Amino acid sequence: MRHLPRTVVRSLCPAAVAGVLVFGACPAGAADDDAPKGPAVTVLKAAKSCFSDIVEATGSIIAREETSVRPERPGLKVTEVLAEAGETTTAGQVLARLALPEGGTLQVTAPVAGVIATSTAQIGAPASAKGEALFTIVARSEYDLVGLVATNDVRKLAVNQPVTVRIAGAGDIDGKVRRIGPTVEPNIQQGMVYIGISSQKRLLLNASGRALIKTGQSCNVAVPLTAVQYSSAGTVVQVIRRNRVETKRVEIGLMSGGNIEVRDGLNEGDIVVARAGALLREGDPVRPVMAAEAAK
């Protein structure tokens, strides 16, 4: 049987698909050029996510309004103490009983509901209208975190922005921006912000706290921090197209939980190298492996 030259066979193979299916397969030289080659690389799909713009403030806890409790007349003595510092009280609740000089007793009651911040009431101790307060109450259990914010961040603040306040020993407490100071401390170049807190927990006055103020939100494509490279050419991300590496310059934004916002340069669904590195260069062939499969 007479054989055709190989060059002729190769030239006929694409045009004679039907014949090839009947009589045999195309030669190996016609293999798909896009078949994965090169090293395996872990990749993931760029997906949209929302990031919160957070401004931090550190400061101290104060009572927004403190009410002092004293008897209205002099010459009295404490005979019974019915409340202690740290307890929550209601308006009209009896806090102590005092002995009158002419006999009988006088009840000292809480003028407002709140948390008793301090108490000097001791059985047998004198009490008068001009003396030291028997009790001080944090009115309505309302506190302020008076914090300092970097000057560049003050312009982002607005009244009623939601805040998470972290206080040692008290955990996280919700709050809101109540007031923004009109000036900046010249020596440290920081502005003052008052964050309102309402809590039935006993908060220690003058305790330090940290506030996380949510000043806005941005939703864009997100990638892991490990996917971003910083170079002299700018900020770049490596993507895979047709099993080859492409380097794309991107504009990044907010960060949260190990991910970073990409405001420009990537599209949702782009296949991104999960851990970009100098070993991968533009045009290199690779075998992409999705992160979920690589973790198995």
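Since the structure is predicted, the reported quantities are computational estimates derived from the model, not experimental observations.
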- request: Determine, stepwise, if the pair Q229 / T247 fulfils side-chain contact (heavy atoms from CB on, under 4.5 Å).
  value: CA-CA 10 Å; Q229 280 185 304; T247 302; 5.8 Å; no

Using a 6.0 Å cut-off, check whether atom [atom1] of [X] has over 12 heavy atoms from anything other than its own residue.
{"X": "E282", "atom1": "CD", "value": "yes"}
{"X": "K176", "atom1": "NZ", "value": "no"}
{"X": "E132", "atom1": "CD", "value": "no"}
{"X": "E268", "atom1": "CD", "value": "yes"}

Listed partners of T136 passing side-chain hydrogen bond (donor to acceptor under 3.5 Å, both in side chains), at least two apart: T118

message: For a side-chain contact (heavy atoms from CB on, under 4.5 Å) check, start with the C-alpha distance between L95 and L134, then their side-chain angles and the critical distance, and finish with the verdict.
response: CA-CA 9 Å; L95 304 179; L134 293 176; over 6 Å; no

Just how far is it from atom [atom1] of [X] to atom [atom2] of [Y], taken to the nearest 0.5 Å?
{"X": "I252", "Y": "L225", "atom1": "CD1", "atom2": "CG", "value": "8.5 Å"}
{"X": "T67", "Y": "I137", "atom1": "OG1", "atom2": "CD1", "value": "6.5 Å"}
{"X": "L157", "Y": "M192", "atom1": "CG", "atom2": "CE", "value": "13.0 Å"}
{"X": "I173", "Y": "I167", "atom1": "CD1", "atom2": "CD1", "value": "4.0 Å"}
{"X": "R140", "Y": "E65", "atom1": "CZ", "atom2": "CD", "value": "4.5 Å"}
{"X": "T105", "Y": "L100", "atom1": "OG1", "atom2": "CG", "value": "6.5 Å"}

message: Quick one, V245 and I240 - any side-chain contact, counting heavy atoms below 4.5 Å?
response: yes

query: Do the side chains of P288 and N243 get nearer than 4.5 Å, heavy atoms only?
result: yes

Looking only at non-hydrogen atoms, find the nearest pair between [X] and [Y] and report the distance.
{"X": "T120", "Y": "A133", "answer": "OG1-O, 2.7 Å"}
{"X": "S218", "Y": "N220", "answer": "OG-ND2, 3.5 Å"}
{"X": "R64", "Y": "Y143", "answer": "NH2-O, 3.5 Å"}
{"X": "T89", "Y": "A110", "answer": "OG1-CB, 3.6 Å"}
{"X": "P71", "Y": "L106", "answer": "CB-CD2, 4.4 Å"}

message: Show, in sequence, the C-alpha distance, side-chain angles and deciding distance for K248 and R241, and conclude whether the side-chain contact (heavy atoms from CB on, under 4.5 Å) test is met.
response: CA-CA 11 Å; K248 301 190 73 173; R241 294 189 190 279; 3.5 Å; yes

- prompt: Is a salt bridge present between R263 and E261, judged by a nitrogen-to-oxygen distance below 4.0 Å?
  reply: yes

query: Going by an N to O cut-off under 4.0 Å, is there a salt bridge joining R281 and D284?
result: no

For [Y], does its backbone N or O pair with a side-chain atom of [X] as donor and acceptor, under 3.5 Å?
{"X": "E251", "Y": "D264", "value": "no"}
{"X": "S119", "Y": "A85", "value": "no"}
{"X": "R70", "Y": "S128", "value": "no"}
{"X": "T151", "Y": "G191", "value": "no"}
{"X": "T215", "Y": "D53", "value": "yes"}

query: When you look at L212 and R210, which way does the side-chain contact (heavy atoms from CB on, under 4.5 Å) test go after all the steps?
result: CA-CA 7 Å; L212 306 176; R210 183 164 68 102; 3.5 Å; yes

